[in-house]
Amino acid sequence: NLLASRPATTQALLESIESGKLNASLVSPVLMRQMRNHGIAEINRLMDTIWGAVNPSPPNLTRQVRLWKNNLNPNTLERADLSCGRHVFENTCGTCHKLFDEGVDLGPDLTGSNRADLDYLLENVLAPNSIVGNSYLLNIFSTKDGRSISGMVRREDDSSYTIALAGGSETVLRKEEVKDRQILEQSMMPTGLFDAMPEADVTALVAYLASPAQVEKWKGEN
């Protein structure tokens, strides 16, 4: 936050991310918009290189964040079952993300992200399409034989695409099979993730995501 407050230090921060010294997932959607507001061409170029497009946030994002922060207050999170949170992670976020070397290496690794910051976490979960890195854009392929395949392009050569699918599997699609390819400026992460979960599961998941180290596996309901 401090580095992003001034143009010179914002540029230094972005250059460190571009070179791989820092993880891009440290930057939240709100911070991205702050960086754009500097109006510096080189800052915008670096941001385009690292993340690509920055899409508008949902109009009710501020209200959603406020409501969830009220529900996920420190007292509630302190009482949460972290092992249950690990179980929830494995069945939701873990199908695309890794944390503590467990999960699927499809989306960004969450271990080094700013996940203990509740504002950062809520912004990214509630508005997953606000910032999508170029390497994580959703590709939709239509084939000549009537199939539709959606995922992220891991590799491309003269003859084929290697496509990473949700859940961690990969498929190779020959270019001669492709009828149409769309590249959407949106994430594979679904919107409304928290709305589709019981609040107790959301609480356990958020508490687990903020944990500094791995916790024991969940043993289920007693």
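Throughout, numbering of the chain's residues begins at 1 and tracks the sequence.
- Expressed to the nearest 0.5 Å, how far OG1 of T10 lies from CE of M47 amounts to 9.0 Å.
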Inset, instruction - Check step by step if side-chain contact (heavy atoms from CB on, under 4.5 Å) holds for F194 and L205. - result: CA-CA 10 Å; F194 283 177; L205 173 63; 4.2 Å; yes

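- At least one donor-acceptor pair under 3.5 Å links the side chain of R115 to the backbone N or O of S211.
- Residues satisfying the side-chain hydrogen bond (donor to acceptor under 3.5 Å, both in side chains) criterion with E199, sequence neighbours excluded, are absent altogether.
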Legend entry - From CA spacing to verdict: side-chain contact (heavy atoms from CB on, under 4.5 Å), W68, V202: CA-CA 10 Å; W68 277 110; V202 174; 3.6 Å; yes

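- Partners of L13 under the side chain to side chain contact (heavy atoms under 4.5 Å, CB included) rule, at least two apart in sequence or in another chain, are L3, I17, L22, M35.
- For the pair L77 and A207, the tightest heavy-atom approach, listed with the atom from each and the gap, is O-CB, 3.9 Å.
- In this structure, S169 contributes its side chain and L165 its backbone to no donor-acceptor pair below 3.5 Å.
- Contacts classified as salt bridge (charged side-chain N to carboxylate O under 4.0 Å, His left out) and involving residues 64-79 (residues at least two apart or in different chains) are given here: K69-D119.
- Checked by atom type and distance alone, the side chain of T76 never pairs as donor or acceptor with a backbone atom of L72 at under 3.5 Å.
- Contacts of R181 classified as side-chain hydrogen bond (donor to acceptor under 3.5 Å, both in side chains), with partners at least two apart in sequence or in another chain: N139.
- Taking the six-membered ring where tryptophan is involved, the planes of F141 and Y161 are tilted, since the angle between them lies from 30° to 60°.
- Under the side-chain hydrogen bond (donor to acceptor under 3.5 Å, both in side chains) criterion, D157 pairs with S159, S160, sequence neighbours left out.
- The minimum heavy-atom distance between A204 and A80, with the atom names listed, is CA-CB, 4.1 Å.
- Shown here are the side-chain hydrogen bond (donor to acceptor under 3.5 Å, both in side chains) partners of H97, two or more places apart in sequence or in another chain: there are none.
- L67 meets the side chain to side chain contact (heavy atoms under 4.5 Å, CB included) test with R63; sequence neighbours excluded.
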Inset, instruction - Could you give me the CA-CA distance, side-chain angles and deciding distance for Y208 and L99, then say whether side-chain contact (heavy atoms from CB on, under 4.5 Å) is met? - result: CA-CA 10 Å; Y208 171 65; L99 179 62; 3.6 Å; yes

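- Pairs engaging residues 93-105 under the salt bridge (charged side-chain N to carboxylate O under 4.0 Å, His left out) rule: R86-E102 [sequence neighbours left out].
- Looking only at side-chain heavy atoms (C-beta outward), H38 and Q11 stay at 4.5 Å or farther from each other.
- Checked against side chain to side chain contact (heavy atoms under 4.5 Å, CB included), D145 has the following partners two or more places apart in sequence or in another chain: T143, R147.
- Within the 3.5 Å criterion, the main-chain N or O of V88 finds no donor-acceptor partner in the side chain of N91.
- Considering only residues two or more places apart in sequence or on other chains, H87 meets the ring pair (Phe, Tyr, Trp, His ring centres under 6.0 Å) condition with W218.
- K144 is linked by a side chain to side chain contact (heavy atoms under 4.5 Å, CB included) to K179, counting only residues two or more places apart in sequence or in another chain.
- For the atom pair M152 CE and I163 CD1, the distance stands at 11.5 Å (nearest 0.5 Å).
- A distance of 8.5 Å separates CD of Q214 from OG of S83, quoted to the nearest 0.5 Å.
- If you take CG on D201 and CG on D81, they are separated by 10.5 Å, rounding to the nearest 0.5 Å.
- The OG1 atom of T171 sits 5.5 Å away from atom CD1 of I149, with the distance rounded to the nearest 0.5 Å.
- At distances below 3.5 Å, not a single donor-acceptor pair connects side-chain atoms of S150 with backbone N or O atoms of I140.
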